[in-house]
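In what follows, a single structure is set out as structure tokens and then discussed.
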Amino acid sequence: MITRYINARTIVSAILALVVFPSFILVGDTDPRLSAILERLNRFNKEFSQQKAYLQFDKTVYTIGEDIWYKAYLVSGSTHLPDTMSTNFIVQLVNARNVVVQSQLLKLIHGCANGDFRIRDTVPEGNYQIKAFTVWMTNFNESFIFTRNIYIRNPENKNFISAEDIRFNRHFNRSRKKLSEKTDIQFLPEGGYMVNGLLSRVAFKAVGGDGKPLNLSGVVKDDKGTEITLIQTLHKGMGVFMIKPVKGRKYTAWVKTDEGRLKKIELRAPLEHHYVMQV
């Protein structure tokens with residue numbers, strides 16, 4: 001893959017040539033400054049020429065046994081004339097998991113080519129995407145790659161699960177289980193801090209690794225094992241409790257989720273001199 005870096009001054013000059021000086025370019029090309037801008041603009045278009053790909057289909061919904069016929073076009077991004085810089089054209093049929101199901105390499109003749117994908121009876125029903133691009137286009141942003149969504153029907157194979165799908169589902173379920181076992185519990189004293197000797201309101205929020213709220217219950221204890229207050233979520237993993245910290249004591253939350261998982265979380269040490277704010 002070719003990697004190139006564009007000089008910022010070249011880009012600025014090109015923009016100025018297109019936006020600021022369009023009328024002068026036509027009549028004042030003898031000006032050395034405008035000649036330099038035109039030279040840079042031409043060099044930019046030559047070294048970093050853009051391509052546009054397009055596929056023409058007969059429809060967007062197909063059934064197994066059919067062919068996805070298409071005609072491919074490749075044009076210059078600046079002139080929209082047939083592009084002759086590239087002769088190889090890549091077309092891919094991609095499933096919903098971004099896995100390439102079929103791939104074709106076409107030879108372009110004057111910027112055009114024809115092709116088709118034969119839909120086998122083992123293809124699962126669902127949404128698919130067709131991508132088209134040249135190797136040169138992969139040097140730039142993916143937005144330059146042509147994409148088109150299609151739907152493939154397979155009435156005889158709706159409930160069929162391939163070995164690949166089984167492996168994917170097992171991996172997906174294991175990942176989901178690991179995420180669900182992760183918890184993020186935050187304790188947020190109103191005003192920012194707990195303060196020794198002052199009654200403080202402490203909010204808390206609990207979410208799982210999948211981003212969904214968790215229900216909690218438990219207690220807050222000091223370093224002597226004395227229970228200070230109860231903890232119970234009230235709405236979507238959130239709750240609140242009141243506590244009046246004592247100087248020299250440390251506090252820990254002992255909580256349990258609905259799934260029975262236990263967690264021990266040390267609360268931030270109270271401050272000796274500060275303010276408590278309640279709203």
Side-chain angles (χ1 to χ4, degrees), residues 1-19 36-62 64 66-120 122-152 162-165 167-168 171:
M1 184 180 296
I2 303 172
T3 303
R4 304 196 179 200
Y5 298 91
I6 306 173
N7 184 280
R9 183 177 297 176
T10 303
I11 296 177
V12 173
S13 299
I15 294 174
L16 287 174
L18 290 174
V19 179
I37 291 174
L38 284 174
E39 189 274 330
R40 291 179 179 178
L41 179 60
N42 291 330
R43 187 173 62 195
F44 176 84
N45 288 332
K46 182 178 179 180
E47 296 183 0
F48 302 97
S49 58
Q50 299 297 326
Q51 297 174 324
K52 290 185 179 180
Y54 182 79
L55 297 186
Q56 183 179 11
F57 300 90
D58 56 344
K59 52 185 179 179
T60 57
V61 179
Y62 297 87
I64 57 170
E66 293 184 329
D67 286 271
I68 304 175
W69 296 98
Y70 60 86
K71 185 170 184 179
Y73 302 89
L74 184 69
V75 299
S76 168
S78 58
T79 65
H80 283 193
L81 294 175
D83 186 277
T84 57
M85 185 179 72
S86 298
T87 56
N88 292 333
F89 196 68
I90 302 168
V91 184
Q92 297 176 338
L93 178 64
V94 183
N95 64 18
R97 298 199 300 271
N98 203 31
V99 176
V100 177
V101 178
Q102 294 186 49
S103 181
Q104 293 182 345
L105 180 63
L106 306 178
K107 181 179 181 180
L108 293 167
I109 300 177
H110 301 298
C112 296
N114 295 300
D116 70 288
F117 289 112
R118 180 70 176 176
I119 307 176
R120 296 185 291 268
T122 56
V123 173
E125 179 166 329
N127 294 303
Y128 291 80
Q129 188 177 74
I130 293 181
K131 297 182 178 181
F133 55 93
T134 64
V135 175
W136 173 255
M137 294 169 67
T138 60
N139 290 297
F140 304 96
N141 192 284
E142 290 187 1
S143 61
F144 289 96
I145 295 177
F146 173 87
T147 60
R148 174 64 58 85
N149 296 325
I150 64 170
Y151 189 85
I152 297 178
S162 65
E164 179 186 359
D165 290 329
R167 289 192 295 270
F168 176 82
H171 176 74

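Worth saying up front: this structure is predicted, and the values here are computed from it rather than measured.
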Identify the residue among V94, I68, V101 that makes a side-chain contact (heavy atoms from CB on, under 4.5 Å) with Y128.
V101

Nearest heavy-atom neighbours spanning A53 and A132:
CB-O, 4.0 Å

Give a yes or no on whether K107 atom NZ has more than 12 heavy-atom contacts from other residues, nucleotides or ligands under 6.0 Å away.
no

So CG of L93 and CD1 of I119: to nearest 0.5 Å the spacing works out to 7.5 Å

Distance-minimising heavy-atom pair for K71 and Y73:
CD-OH, 3.2 Å

To the nearest 0.5 Å, how far apart are CD in Q92 and CG in L105?
10.5 Å

Do we see a donor-acceptor contact under 3.5 Å between the side chains of Q56 and Y70?
no

Please report the shortest heavy-atom distance between Q102 and F117, naming the atom on each side.
OE1-CD2, 3.5 Å

Using every non-hydrogen atom in the two residues, find where N149 and Q129 come nearest and quote the distance to one decimal.
OD1-NE2, 3.1 Å

Can you give me the closest heavy-atom contact between F89 and A72, atom names plus distance?
CE2-CB, 3.5 Å

Could you grab the distance from atom CD of Q51 to atom CZ of F140, nearest 0.5 Å is fine?
8.0 Å

Can you tell me how far the CG atom of D116 sits from the CD atom of E66, to the nearest 0.5 Å?
12.0 Å

Enter the distance from F146:CZ to I130:CD1 here, rounded to the nearest 0.5 Å.
8.0 Å

Backbone N or O of W69 within a donor-acceptor pair of the D67 side chain at under 3.5 Å?
no

For the atom pair NE2 (H80) and OH (Y54), what is the distance rounded to the nearest 0.5 Å?
13.0 Å

Knowing that exactly one of L106, V135, T134 qualifies, which makes a side-chain contact (heavy atoms from CB on, under 4.5 Å) with I90?
V135

Looking at H110, I want to see if its NE2 is surrounded by more than 12 non-hydrogen atoms of other residues, nucleotides or ligands under 6.0 Å.
no

Passes side-chain contact (heavy atoms from CB on, under 4.5 Å), F57 versus R148? Steps please.
CA-CA 10 Å; F57 300 90; R148 174 64 58 85; 3.8 Å; yes

